[in-house]
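See below for the structure under consideration.
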Amino acid sequence: MELRTEPVVASLEMSEPKSGTSEAEEYESLPPHASLATHMTAGAVAGVLEHTVMYPVDSVKTRMQSLQPDPNAQYRSVYGALQRIVRTEGLLRPLRGLNITVLGAGPAHALYFACYERIKRSLSDVIQNGGNSHIANGLAGSVATVLHDAVMNPAEVVKQRMQMYNSPYRGLWDCVLTVSRKEGLAAFYRSYSTQLTMNIPFQAVHFITYEFMQERLNPQRQYWPGTHILSGAAAGAVSAAVTTPLDVCKTLLNTQENVALSSAHVSGHLSGMANAFRTVYRLGGLPAFFKGVRARVIYQMPSTAIAWSVYEFFKYFLTQHEQHSLELSREADKTGPT
């Protein structure tokens with residue numbers, strides 16, 4: 001059976017634009033007078049929702065990536081893991097560490113999306129005369145990632161230590177103070193190089209996939225929520241799957257899993273991406289690099305879909321609001337005293 005769908009284009013009751021540009025162009029490229037706060041506000045809201053809605057699955061993913069898990073923390077599926085965690089550790093246990101994630105995700109994603117939009121537009125003007133360029137999308141996503149991870153990396157360290165089974169920390173500030181006192185402030189950036197090594201290709205694949213899907217599903221670049229959800233989900237799934245080995249190494253560096261490090265005869269604290277790769281391989285061979293891949297993809301697909309759909313909605317809403325304000329201002333000028 002063939003199903004035919006027509007795009008439902010959201011619109012506000014407004015007069016036709018007077019600048020000669022189409023609605024799609026106005027939506028895809030925010031007006032030049034739009035403040036940086038427009039991008040940052042949309043990005044911050046999208047980032048917070050992305051991380052909070054699927055946070056319990058992220059907690060499971062962290063535990064499933066453990067190289068030497070406690071017998072009580074060995075799980076066969078994401079759903080089974082959530083059931084056991086809630087039953088044995090309490091209803092709110094899968095949400096442990098959410099507070100630091102929200103504190104980091106807001107500013108990190110504000111910088112992330114604002115940087116991406118500005119750099120993408122500038123590079124597209126040079127490479128494709130303003131048209132869509134996969135090179136521009138990938139480069140813009142990579143540069144935006146450097147800023148995002150600089151803010152988010154300390155939050156990731158605290159979050160993952162609080163997510164682990166039998167985490168010794170009483171809460172957010174206990175974790176921050178204990179890590180600072182015992183390992184120094186550098187511990188919060190011990191995985192930064194690995195995070196960048198993972199996230200730069202992750203975000204490059206992510207943005208290229210998203211823009212590619214938009215070209216196919218929404219070539220007019222109108223506000224059509226369904227295409228943003230599907231494009232975001234596809235981008236999240238592909239980029240998550242191909243970068244899982246790096247995520248496993250990042251988790252080991254962030255958590256400094258004692259049992260695993262002892263088994264690998266690592267004394268002190270593990271640091272450096274090369275050392276993390278060697279340790280993971282020594283403990284589990286090639287399969288160890290894909291521990292938690294299912295949970296990671298299950299987490300990233302809806303998370304990325306949420307992030308893009310929320311971001312594109314706010315981008316559309318704020319753009320239309322600014323255009324509407326401009327038109328009201330023009331009308332006032334026309335009807336005003338001459």
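These numbers were taken from a predicted model, which means no experiment stands behind them.
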Give the minimum heavy-atom separation between [X] and [Y], together with the two atoms involved.
X: I298; Y: M54; answer: O-CE, 3.8 Å
X: E50; Y: Y299; answer: O-OH, 4.3 Å
X: Y55; Y: R96; answer: OH-O, 2.7 Å
X: A288; Y: L67; answer: CB-CD2, 4.2 Å
X: G104; Y: A155; answer: CA-CB, 4.3 Å

R296 with D58: basic N within carboxylate O range, under 4.0 Å: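 No, R296 and D58 are not salt-bridged.
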message: Can you tell whether the side chains of R84 and E89 come within less than 4.0 Å, N to carboxylate O?
response: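 Answer for the salt bridge query: no.
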- prompt: Taking the six-membered ring for Trp, are H109 and H51 parallel (under 30°), tilted (30 to 60°) or perpendicular (over 60°)?
  reply: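 If you compare the ring of H109 with that of H51, the planes turn out perpendicular.
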task: Mind telling me whether W308 and H206 have parallel, tilted or perpendicular rings, with 30° and 60° as the class edges?
output: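 The rings of H206 and W308 stand perpendicular, inter-plane angle above 60°.
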task: Please check if any side-chain donor atom of S59 sits under 3.5 Å from a side-chain acceptor atom of Q163, or the reverse.
output: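 S59 vs Q163: donor-acceptor pair found between side chains.
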message: We want to know whether N254 and S191 form a side-chain donor-acceptor pair, criterion being a heavy-atom distance below 3.5 angstrom.
response: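 There is such a pair (donor and acceptor under 3.5 Å, judged by atom type) between the side chains of N254 and S191.
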Would you say the side-chain atoms of [X] pair up with the backbone N or O of [Y], donor to acceptor, closer than 3.5 Å?
X: S77; Y: G80; result: yes
X: N153; Y: D149; result: no
X: Q214; Y: S231; result: no

- prompt: Testing M162, E156, R161 for side-chain contact (heavy atoms from CB on, under 4.5 Å) with V158, which one passes?
  reply: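 Answer after filtering M162, E156, R161: M162.
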